[in-house]
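Everything below concerns the one structure shown next.
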Amino acid sequence: MSVTKMAGICSLNPTTLMTLKRIHGIRCCSGATDNEKKSQTRTKTPQILKLAVSGITELLRVVSFSGKERLEKVNDKDRDEISVSDIDDVIMILKSDYENAYFVSGVFTSAIYDEDCVFEDPTIKFQGTKLYSRNLKLLVPFFDCPSIGLQDIEKGVNSETYFVLARWKLRTYLKFPWRPLISIDGSTVYELDNKLKIIRHAESWNVSALEAIGQIFTPSFDRPGE
């Protein structure tokens, strides 16, 4: 399905607005309700968990010696050849990256990202597209029968900043003896600068960070591929 050229601000449906409210902290004029405040407090990721995830990621990087140059390589050819003229070009490239399952394959189009792009999810936050590429590829060997399906993708504007919002479903087993199943419904906001480079890649999940980590330690009795 082709994406209509942006002639102005996109009209966002209520579901999209609620997603953006969670990710960007957008508040209605009346302010957050008591229930919303309690929910935000309950789902806030403990700092110690964020530190643990960062530590594990760094440990994987240190002990992973094989293919070091390959992991750190940026595809300069893609960077030179790809031309983006409007936000629809960005959406087209992102769709292609989802078709290549970039979350679980580690293969994505780095040319559309600013080299200092900020990447974050409920468990970790860091800066640098090269580091993101390296982190993805460190995780790839642990995936078994992975899949990520793009549910929908749309464009919009927030405080004069253009963005793309993608919703997806991730499902993968991990290559541990107890074969844990990771199953997450999530969304990613891609914020763009005035050169149409992605400067922020922010994920939001339908489970808390603690619940996501808990999936890693939950045995699965299903066999991958069944």
[X] side-chain N/O to [Y] backbone N/O, donor-acceptor pair under 3.5 Å:
X: Asp114; Y: Asp116; answer: yes
X: Glu211; Y: Ser208; answer: yes
X: Ser159; Y: Thr161; answer: no
X: Gln215; Y: Ser183; answer: yes
X: Gln151; Y: Gly149; answer: yes

Are [X] and [Y] connected in the hydrophobic side-chain network, where two residues link if heavy atoms are under 4.5 Å apart?
X: Val104; Y: Leu136; answer: yes
X: Leu170; Y: Val107; answer: no
X: Tyr98; Y: Ile82; answer: yes
X: Ile124; Y: Ile216; answer: yes
X: Leu139; Y: Phe126; answer: yes

Please enumerate all residues that pass salt bridge (Lys or Arg N to Asp or Glu O under 4.0 Å) together with [X], with sequence neighbours excluded.
X: Asp193; value: none
X: Glu120; value: Arg200
X: Lys175; value: none

Roughly how far, to the nearest 0.5 Å, is the [atom2] atom of [Y] from the [atom1] atom of [X]?
X: Phe163; Y: Lys155; atom1: CZ; atom2: NZ; result: 11.5 Å
X: Leu192; Y: Ile112; atom1: CG; atom2: CD1; result: 8.5 Å
X: Tyr162; Y: Leu196; atom1: OH; atom2: CG; result: 9.0 Å
X: Leu94; Y: Met92; atom1: CG; atom2: CE; result: 10.0 Å
X: Gln127; Y: Ile199; atom1: CD; atom2: CD1; result: 10.5 Å
X: Thr218; Y: Ile213; atom1: OG1; atom2: CD1; result: 11.0 Å

> Asp97 and Thr109: side-chain donor and acceptor closer than 3.5 Å?
Replying inline: yes
> Looking just at side-chain N and O atoms, do Ser187 and Trp168 make a donor-acceptor pair shorter than 3.5 Å?
Replying inline: no
>> For Tyr113 and His201, take the angle between the two ring planes, folded into 0 to 90°, and tell me which bin it lands in: parallel under 30, tilted 30 to 60, perpendicular over 60.
In response: tilted
> Using 30° and 60° as the class limits, which term best fits the ring planes of Trp178 and Phe176: parallel, tilted or perpendicular?
Replying inline: tilted
Minimum heavy-atom separation for [X] and [Y], please, with both atom names.
X: Ala209; Y: Pro122; value: CB-O, 3.9 Å
X: Ser105; Y: Asn100; value: OG-O, 2.9 Å
X: Ala166; Y: Leu150; value: CB-CD1, 3.8 Å
X: Cys117; Y: Thr129; value: CB-OG1, 3.7 Å
X: Gly128; Y: Phe119; value: O-CE1, 3.5 Å

>> side chain to side chain contact (heavy atoms under 4.5 Å, CB included) for Ile148 and Lys169? Distances and angles first, verdict last.
In response: CA-CA 5 Å; Ile148 181 164; Lys169 289 181 178 290; over 6 Å; no
> Is there a side-chain contact between Ile182 and Phe142, using heavy atoms and a 4.5 Å cut-off?
Replying inline: no
>> Salt bridge check, Asp185 against Arg167: does any charged N sit closer than 4.0 Å to a carboxylate O?
In response: no
> Hey, would you say the Phe103 and Phe108 ring centroids sit under 6.0 Å apart?
Replying inline: no
> For Tyr173 and Phe143, what are the C-alpha separation, side-chain angles and deciding distance, and is it a side chain to side chain contact (heavy atoms under 4.5 Å, CB included)?
Replying inline: CA-CA 6 Å; Tyr173 290 90; Phe143 297 145; over 6 Å; no
>> Name the residue from Ile198, Ile153, Asp88 that meets the side chain to side chain contact (heavy atoms under 4.5 Å, CB included) definition with Val164.
In response: Ile153
> Would Asp144 and Leu174 count as a side chain to side chain contact (heavy atoms under 4.5 Å, CB included) if you check the C-alpha gap in whole Å, the side-chain angles of each, and the deciding distance to 0.1 Å?
Replying inline: CA-CA 5 Å; Asp144 194 2; Leu174 297 181; over 6 Å; no
>> Working note: Thr172 + Cys145, criterion side chain to side chain contact (heavy atoms under 4.5 Å, CB included); need CA distance, chi angles, decisive distance, verdict.
In response: CA-CA 6 Å; Thr172 184; Cys145 299; over 6 Å; no
